[in-house]
Structure formats: C-alpha cells, structure tokens
Amino acid sequence: MITSNLPALQVVVPLLAGPLCVLLRREDVSYAIALLASWASFAMSILLLMAVLENGPISFAFGGWEPPWGIEYRIDSVNAYVLLIVAAIGAIVITYARPSVAYEIEPQRRYLFYTAYLLCLAGLLGVTITGDAFNVFVFLEISSLSSYVLISLGRDRQALTAAYRYLIFGTIGATFYLIGVGLLYQTTGTLNMADLAERVSTVTDSRTVRVAFAFMAVGLAMKAALFPLHIWLPNAYAYAPSVVSVFLAATATKVSVYLLLRVYFTIFGTPFAIQTMGLGDALMPLAILAMFVGSAVAIFQPDIKRMLAYSSVAQIGYMVLGIGIATTVGLTAGILHLFNHALMKGALFMAMGCVFYRLGSVRLEAMHGIGKTMPWTMGAFVVGGLSLIGVPATAGFVSKWYLILAAFERDWWWAAVLVLLSSLLAIIYVWRVIEVAYFRPPSDSAATAAEAPSVMVVPMWVLAGANVYFGLDTRVSVGVAQQAAKSLMDGGV
Amino acid sequence: MIEPGLYNYWIVVFLMMAGLYVVVARGNLIKKLVGLNVFQASVFLLYITMGKVEGGTAPILAEGVTVYSNPLPHVLILTAIVVGVATTALGLALVVRIQEAYGSIEEDELEEKDERDERKLRS
C-alpha cells in the first residue's frame with residue numbers, strides 16, 4: 001500500500017507539511033515538521049531510485065484515472081536520479097538551517113521561512129516527478145513563487161529588488177513554457193509527455209510544433225539561468241538568506257536543466273531537436289560564453305556569495321555544453337555535472353553561511369585570516385573549491401573528464417581546450433578566497449570569530465566529503481548518469 | 001485580409017507583444033507588473049480560443065446536442081489564472097516592501113541607490 005503510493009507521497013508529504021507550519025505558527029514545531037518531512041522525502045526518493053533501477057520505470061495514475069487522460073507520475077532512471085539529488089540536498093540543508101535561520105531572519109517570520117522552504121521543495125520534486133506537461137507548469141510556479149518569498153527574506157534591502165527581478169524573469173519564463181505547451185496541445189490534443197512524444201513525431205514538419213519548441217526552449221533556458229538569460233541569478237543568490245542560497249543553488253537550476261533535457265529529448269525526440277532544430281549548434285556557443293563570462297565576472301566580485309553565484313552561471317554552461325554535444329557521453333557528462341555541481345555548490349554556499357553566521361559578512365575584506373579561526377569551515381570551502389576547479393580525486397574532475405571525453409569523441413578538441421581554459425579561471429577566483437583566508441593577518445572580526453556550531457559544520461562536511469567520495473568512487477554516480485543518458489537518447493520515457 | 005477565424009490569434013499576438021514591451025521598456029515596478037499581467041492574459045486568451053469548436057455549445061450534456069467545445073483548455077487556464085493572481089499579489093507585496101525600504105519604485109533610482117551602497121562598502 002505505502003510502496004505503491006510512494007510517487008504521490010514524495011510530493012504530497014512536503015506539500016502538506018508546509019501549510020501545517022502556518023497553522024501551528026511556532027518556530028520550533030515548524031522546524032521539527034520541516035526536518036521530518038524533508039528526511040521522509042529523502043528516504044522515499046532512495047526507495048524510488050532503487051525500485052526504478054531494479055524493475056524499470058514506474059507509472060502512477062492519479063486518482064485512478066489512466067494516462068493519457070489522467071495526470072501521470074512517471075519515474076524512470078533520469079528523474080529518479082534528479083529526485084534523489086533534490087531530496088538529499090533538501091534534507092541536508094534543513095539539518096544545517098536552524099542556527100543560520102535564527103541568525104538571519106526575524107523571529108516572527110521564521111515559521112513562514114520553513115513553510116516556503118517546504119513548498120519550494122514540494123514544487124521542485126513535483127516538476128521532476130510528473131509525466132504531465134501542464135502539471136510541470138503548476139509545480140514550476142509553486143517552487144518559483146515560494147523561492148521569490150525565500151529570497152525576499154534576506155536582510156539587505158537588495159534582497160527585495162532581487163526577488164522582484166527574479167519574479168519578472170521567472171514568470172516570463174514559465175509563461176513561455178505555458179505557451180509552448182498550449183501550442184503542442186493544439187496540434188496533438190494531449191498533455192501526457194509519453195503520449196506527446198509519440199504524437200509529436202508524426203507532425204514535426206508543422207510550424208506550430210517548431211514555434212512550441214522555441215517557446216519552451218527559451219522559457220526553460222530563462223528558468224535555468226542559461227547565459228545570456230542569467231541576469232536574475234547573481235543578485236538573487238547573493239542577497240538571499242544563506243540557507244536559501246545553498247538550497248536554490250544546489251537544486252533549482254538543476255531541476256530546470258533536467259526539464260530542458262525532458263523537453264528536448266523526451267517530448268520532441270532527439271532527431272527533431274538535434275537535426276531539424278539544430279539545438280546543438282544553438283546551445284554550444286551559449287554554453288561556452290556562459291563558461292567564460294560567468295567565471296571572468298566571478299573573479300572581480302568582492303562579495304563571495306555573489307562570486308559563487310556567477311560561478312554557478314559558468315557551471316550551468318558546462319551542463320548545457322554536455323547537452324549541446326548531444327551524444328550519449330555528452331549527456332552523461334551533463335547529467336553527472338548536474339549531480340556534482342549540487343554537491344560542490346552546496347558545500348561552498350554552506351561554508352559561506354557559516355562565515356556569515358560568525359562575521360555577519362561574506363565580503364573578501366572581512367574574511368582576512370579566517371582560515372585560522374574557522375578551520376573546519378574554510379577546510380570545507382577548500383574542498384568544494386578544488387571540486388569546482390576540477391582537481392583529480394574530487395567530483396568536479398569526474399564530470400569535466402567525461403565532458404572532455406565527449407568532446408574528443410566528436411573530434412571537437414577545441415571544446416576540450418575551452419573547458420580546460422575556463423577551469424583556469426576557476427582557479428583564480430577560488431584562489432583569491434584561499435589567499436585572503438589563509439595568508440593574510442586576521443582582521444579584527446576574524447581574529448575573534450569561533451568555529452560555527454557543529455549542527456552547521458557536520459552537514460557541510462557531509463557534502464564536502466561527498467565531493468571527495470564521488471571523485472574516487474564513481475560507480476554509482478556515473479552508472480546512473482550513463483543509464484539516464486542512454487534512456488534519453490533512445491527517446492524512451 | 002485577416003481571416004475571421006484567426007482574429008483571436010491576432011489579438012493574442014498583439015497583447016503578448018504589448019505586454020512584453022511594457023515589462024521591458026517601463027522603469028516603474030507597478031507598470032512592469034501591469035505589463036506582465038497583459039502578457040499572461042494573452043496566453044489565457046490563446047488557450048480559451050483553442051478550446052472553441054465551431055458550432056459547439058458549452059460542454060454540458062443535453063439532448064439534441066452533439067457538438068461541444070473542448071472544456072480542457074478552459075480548465076487548464078483556470079489554474080493558470082490562479083497562478084497569475086498569486087504572482088501578481090506577491091509582486092505587488094514586494095513593490096510595497098521596496099517602496100518602504102528605498103522610498104522609490106523607479107528602477108533607475110533603485111539602481112542608483114544600490115550603487116551608492118556598494119561604493120560605500122568598498123571605500
């Protein structure tokens with residue numbers, strides 16, 4: 001009974017836990033509920049991934065209405081993997097959250113923070129799990145609306161303008177997606193993704209389908225912050241409360257990239273997306289520009305959270321590069337980087353959360369000599385930074401390795417060279433922080449700072465440790481990514 | 001000549017472009033939200049139009065009627081309207097907070113104030 005309803009519970013548990021927090025209105029109870037619901041989602045996502053790997057895709061018909069008429073939740077190796085990433089980050093972040101939330105958010109707003117957090121988690125999980133194109137839009141908006149709220153809880157007034165700008169961009173992106181779904185419905189008369197995939201392949205030479213593809217591609221690129229549609233992202237991540245930066249950086253853009261994959265390869269199918277629409281040619285230059293512009297701008301940021309946000313723009317470039325290469329190895333690299341980037345950016349933003357908790361600032365000048373007084377925090381930052389650069393024996397190395405393999409497989413040696421060159425830029429911006437933290441005499445605030453509380457340090461090191469672990473033992477991460485890439489390229493759902 | 005059957009779609013395209021233009025071109029945060037609403041309304045209209053079946057009536061079972069309009073797009077758009085209302089409400093709430101924090105809702109003035117803050121932090 002429970003196992004057969006797992007796909008529904010995966011979304012319903014956090015979705016119902018959110019409003020419960022509003023009803024109870026108490027910070028400690030809300031935190032307990034959020035903690036419980038997030039860890040329950042994590043457990044369910046593990047069970048689902050195991051079930052999918054063992055018995056193949058799971059289909060769940062809501063309310064007993066058979067697909068394609070009813071709303072179907074469909075879990076295959078691709079989204080089971082993404083579900084696991086989102087739910088795992090959700091659980092680790094909420095464990096870390098409490099001291100940081102208590103420090104950064106006023107007492108009367110804290111239960112609302114946990115509500116919005118749970119709703120955002122439910123929305124992201126929903127986008128990932130559903131097999132219905134319109135249902136995606138609804139969950140996308142649930143997660144977006146709650147993330148606007150989360151960002152606006154930041155302490156600086158810039159958080160408000162950042163949230164507003166994200167709201168405008170996010171709404172335009174989601175509405176573009178909605179237009180695309182509408183046009184597809186017009187030509188095919190269905191909203192179920194598997195059904196759409198079947199019927200779209202028979203009408204691909206119609207202009208309506210092409211326009212739908214364009215609308216969906218641009219709308220989702222906006223959501224995924226693909227260069228040059230990334231301008232909402234840096235301020236949103238820089239001024240959001242630390243916990244929100246960790247959570248959104250590690251999950252929100254990943255889910256959008258997953259959705260891009262779903263739309264390109266499952267709904268429209270590889271031949272249409274790559275050959276007819278020339279998707280690879282369109283994505284490659286954007287991805288490469290993102291890699292260089294994102295990293296180059298990151299070098300000049302005095303605010304480290306902002307620096308990490310620009311670095312995220314660059315990292316999304318790597319993921320999209322993998323998609324643009326459009327071979328099984330390329331997709332494997334893209335999906336793998338989706339996972340690894342969640343680990344590294346999670347650890348890095350968590351380290352910044354700890355620094356902010358002690359210093360009240362994450363600007364470079366405040367962090368002089370912080371490596372001596374907060375060794376664990378900065379240690380995690382160094383591990384995350386190495387992974388971001390792609391040093392061997394870290395997770396970041398594995399995904400870049402596959403990216404370069406994919407480039408060589410298509411004889412695009414220049415793409416491999418560009419990946420290496422842009423990694424050099426990453427060395428510069430990570431080094432700036434390490435130099436200031438370890439080789440400068442401590443500033444006044446850094447000299448008196450103590451290590452962050454262990455509730456924050458332990459989850460941070462879980463993620464930092466995962467960076468090393470998945471850099472050494474690649475069986476699970478690469479294995480699942482390969483299987484996911486294969487199923488996407490074969491056009492199966 | 002515009003075919004009468006496509007009349008609605010021309011309106012959709014016009015509203016869509018007008019809405020997007022307002023979002024991009026106006027600096028006032030409220031006007032931007034108005035533009036966003038016009039843009040969203042155009043999509044609502046697109047969905048409602050595609051559900052119309054020529055000669056069909058409202059989709060309620062009745063004797064002697066065989067042609068019905070397609071109710072599904074209409075239902076979908078009900079959901080989208082709710083989402084739109086929520087977005088507008090949240091957007092307006094943010095504008096109120098921005099007015100309280102900055103004393104302005106003009107984009108260029110907000111940017112100026114942010115830059116001044118940034119310069120103060122750097123020096």
Side-chain angles (χ1 to χ4, degrees), chain A residues 69 116 132-135 137-142 144-149 151-153 155-172 174-187 189-191 208 215 219 235 239 301-303 306 361 363-366, chain B residues 9 12-13 16 19-20 23-24 29 32-33 35-37 39-51 70 72-73 75-77 79-80 82-105 107 110-111 113-115 117-118 121-123:
Chain A
W69 296 282
D132 184 278
F134 187 81
N135 206 227
F137 167 75
V138 177
F139 277 120
L140 204 60
E141 284 297 61
I142 291 179
S144 305
L145 284 168
S146 46
S147 52
Y148 310 145
V149 173
I151 291 167
S152 73
L153 286 169
R155 295 209 309 184
D156 296 325
R157 61 181 180 179
Q158 281 97 324
L160 298 170
T161 40
Y164 179 86
R165 181 183 274 187
Y166 185 19
L167 180 134
I168 297 286
F169 264 82
T171 308
I172 293 177
T175 310
F176 266 40
Y177 175 81
L178 187 64
I179 296 170
V181 171
L183 294 175
L184 276 186
Y185 179 75
Q186 219 170 8
T187 33
T190 181
L191 291 166
T208 316
F215 267 115
N235 272 356
Y239 294 112
Q301 296 305 318
D303 181 308
R306 219 180 137 109
S361 165
R363 294 178 71 87
L364 212 49
E365 59 266 20
Chain B
Y9 291 104
V12 167
V13 171
M16 200 180 277
L20 260 185
V23 174
V24 177
L29 300 190
K32 270 181 190 293
L33 280 180
L36 200 65
N37 268 298
F39 174 58
Q40 285 183 311
S42 77
V43 182
F44 303 160
L45 200 59
L46 172 74
Y47 269 72
I48 293 166
T49 307
M50 75 176 78
N70 185 350
L72 184 69
V75 178
L76 294 181
I77 229 55
T79 315
V82 173
V83 171
V85 170
T87 312
T88 311
L90 182 59
L92 288 173
L94 282 174
V95 174
V96 171
R97 293 271 315 273
I98 289 173
Q99 164 72 30
E100 283 169 3
Y102 285 84
S104 166
I105 53 166
E107 210 174 30
L110 297 178
E111 265 166 31
K113 289 185 181 191
D114 279 349
E115 267 167 37
D117 284 1
E118 180 68 29
L121 271 174
R122 278 183 201 234
S123 60

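Throughout, protein chains are lettered first and strands after them, A, B, ... in sequence-line order, and every chain is numbered starting at 1.
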Margin query: Among B:Leu29, B:Leu94, B:Ile98, which residue satisfies the side chain to side chain contact (heavy atoms under 4.5 Å, CB included) criterion with A:Thr161?
Written below: B:Ile98
Check: Taking only residues two or more places apart in sequence or in another chain, which ones pass side chain to side chain donor-acceptor pair (under 3.5 Å) with A:Asp156?
Finding: none
Next item on the list: Measure A:Tyr164 against the heavy atoms of chain B and call it side chain, backbone, both or neither at under 4.5 Å.
Entry: both
Notebook entry, point to check: Among A:Leu178, A:Thr175, A:Ile172, which one satisfies side chain to side chain contact (heavy atoms under 4.5 Å, CB included) with B:Gln40?
Noted result: A:Thr175
Check: Looking at B:Asp117, B:Val12, B:Leu110, which one has more heavy-atom pairs under 4.5 Å with chain A than the rest?
Finding: B:Asp117
Margin query: Which atoms of B:Leu20 are under 4.5 Å from chain A, going by heavy atoms: the side chain, the backbone, both sets, or neither?
Written below: side chain
Check: Which region of A:Leu191, side chain (C-beta onward) or backbone (N, CA, C, O), has a non-hydrogen atom less than 4.5 Å from a non-hydrogen atom of chain B, or is it both or neither?
Finding: side chain
Check: Residues in side chain to side chain contact (heavy atoms under 4.5 Å, CB included) with B:Glu107, at least two apart?
Finding: B:Lys32, B:Glu111
Next item on the list: Compare all side-chain heavy atoms of A:Leu160 with those of B:Glu100 and state whether any distance is below 4.5 angstrom.
Entry: no
Check: Is the closest side-chain heavy-atom distance between A:Gln158 and B:Tyr102 below 4.5 Å?
Finding: yes
Note to self: Heavy-atom pairs under 4.5 Å with chain A - which of B:Ile77, B:Leu33, B:Val95, B:Val82 has more of them than the others?
What the structure shows: B:Leu33
Notebook entry, point to check: Among B:Val83, B:Thr87, B:Leu72, which has the most heavy-atom pairs under 4.5 Å with chain A?
Noted result: B:Thr87
Next item on the list: For each of B:Leu76, B:Leu90, B:Thr79, tally heavy-atom pairs with chain A at distances under 4.5 Å, and name the one with the top tally.
Entry: B:Leu76
